[in-house]
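As the structure is a computational prediction, the values presented were derived from the model and not from experiment.
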Amino acid sequence: MIPYILITPTLIYYLIFWLRPVISAIYYSFFDENNVFTLNNYAMIFKDPYFKEALINTAIFVLVSVTLEFVIALGLALIINKKFKGAQILLSIALIPMALPAVAVGAMWSSGFATYGWVNSLLYHLGIITENGKIAFLAGSDFQSLMLIILIDAWQVIPFMMVILLAGLQGLSKDSIEAGYIFGGTKFTVLRKITLPMLKPSIQTALILRIISAIQVWLIIVMIYGYRRIPVLLEEVVFYEEQLLGFYRVALAYSVIVAAIVSIVSIIYLKVSGAFEKGEQ
């Protein structure tokens, strides 16, 4: 009974602070403000033109940001894992963005990308632009604005993925990697056929955590562009809850939809990546 006794506090915590609110949200999402059963909350969401746009923007954000961040994080992890002189300094500098809250990141880059913000001032003092050639970063098209958000998000999130991958690299068997070089393997061959397969558990962890958090991005976008300039799924949840009066139940329905999307995407990824097969073995 000892293992069950030890996990009981955690189970109680999840039952009270996670499962109960989830069940409550699902239940009340099928009722209007007068507690009358209805499907109008979900119908309103699917009829809202912003829903399709938010779904597309979220999908683009997840695909582009996760791919970009993983490639850069893996490269940095491989470099730092070489333990060259100054590697610890590089690691310390790289971890700084991860320590900043999303509100601070949004405020910093919102002021930075303003026409008279610190980014244009820096470019001007470096001689890259002229006084009259200031760049209107925030006035681009919706697609350009989304790409800008992806770059800002990558700046903050890459250290998180890098730490997970670096921890995995430091736990790999050095003998297997050295054997690859002894048998004539190039750096790329050893990386592709030995290092990455051995690193698969860390890669799976980094990607699934990042995919889940990427689907739920919203605060940085609102801090920089405001509501519904670049609509994403979770931003719409907050918009219905905080910006519109009398739409709290619609916000609950929206949150249920987002939770369902997160669950489905996570299950598909774990299935494709072979995580379930490993668990069955």
Side-chain angles (χ1 to χ4, degrees), residues 9-66 101-103 106 110 141-143 145-146 149-150 153 157 207-272 275-276:
T10 302
L11 289 176
I12 294 174
Y13 172 84
Y14 275 104
L15 287 173
I16 296 175
F17 296 103
W18 184 81
L19 187 60
R20 181 180 177 277
V22 168
I23 294 175
S24 177
I26 295 174
Y27 175 80
Y28 285 109
S29 69
F30 289 98
F31 291 84
D32 61 18
E33 301 299 329
N34 297 318
N35 288 326
V36 177
F37 179 83
T38 179
L39 296 176
N40 288 338
N41 295 333
Y42 289 93
M44 181 182 299
I45 293 171
F46 291 121
K47 291 179 181 179
D48 188 350
Y50 282 101
F51 173 73
K52 182 179 179 180
E53 189 176 353
L55 189 62
I56 293 173
N57 286 339
T58 302
I60 294 174
F61 181 87
V62 172
L63 290 173
V64 178
S65 67
V66 172
V103 173
S110 177
S141 65
D142 291 347
F143 181 77
S145 300
L146 183 58
I149 291 295
I150 288 174
D153 181 77
V157 175
L207 286 178
I208 190 61
L209 290 176
R210 182 57 197 134
I211 289 172
I212 292 173
S213 63
I215 295 175
Q216 301 177 71
V217 67
W218 73 277
L219 185 55
I220 293 178
I221 297 176
V222 172
M223 289 287 294
I224 297 177
Y225 288 106
Y227 285 100
R228 290 196 161 181
R229 167 67 198 288
I230 308 175
V232 290
L233 289 174
L234 202 59
E235 176 223 1
E236 288 295 293
V237 176
V238 180
F239 180 80
Y240 273 103
E241 180 182 358
E242 295 187 354
Q243 302 298 313
L244 299 177
L245 296 177
F247 287 88
Y248 177 72
R249 301 296 173 88
V250 179
L252 287 178
Y254 223 125
S255 67
V256 172
I257 293 173
V258 174
I261 292 174
V262 170
S263 301
I264 292 170
V265 171
S266 300
I267 292 172
I268 292 174
Y269 168 75
L270 292 173
K271 183 66 176 178
V272 172
F276 290 146

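Contact annotation: the side chain of Arg229 approaches that of Asp142 to within less than 4.5 Å [non-hydrogen atoms, C-beta and beyond]. For the pair Glu241/Tyr248, a side-chain contact is recorded, criterion being any heavy-atom separation below 4.5 Å from C-beta on. The shortest side-chain heavy-atom distance between Trp218 and Val238 falls under the 4.5 Å cut-off. For the pair Phe239 and Val222, the minimum side-chain heavy-atom distance is 4.5 Å or more. Side-chain contact check for Tyr227 versus Glu242: some heavy-atom pair is nearer than 4.5 Å.
Each of Leu55, Val217, Val262 was compared with Leu233 under the side-chain contact (heavy atoms from CB on, under 4.5 Å) criterion, and only Leu55 meets it.
Glu33 places a side-chain N or O within 3.5 Å of a backbone atom of Arg249 that can act as its donor or acceptor partner. Asn57 contributes no side-chain N or O that, together with a main-chain N or O of Ile230, makes up a donor-acceptor pair within less than 3.5 Å. Under a 3.5 Å cut-off, the side chain of Asn34 and the backbone N or O of Val36 do not form any donor-acceptor pair.
Within the cation-pi definition used here (under 6.0 Å to the ring centroid, within 45° of the axis), Arg228 qualifies as a partner of Tyr240.
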Item to check | Check against side chain to side chain contact (heavy atoms under 4.5 Å, CB included), Thr38 and Phe30 | outcome: CA-CA 5 Å; Thr38 179; Phe30 289 98; over 6 Å; no

Next on the checklist: Pair Leu207, Tyr269 - check side chain to side chain contact (heavy atoms under 4.5 Å, CB included), show working.
Outcome noted: CA-CA 9 Å; Leu207 286 178; Tyr269 168 75; 3.3 Å; yes

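Side-chain N/O atoms of Tyr254 and Asp48 include no donor and acceptor closer than 3.5 Å.
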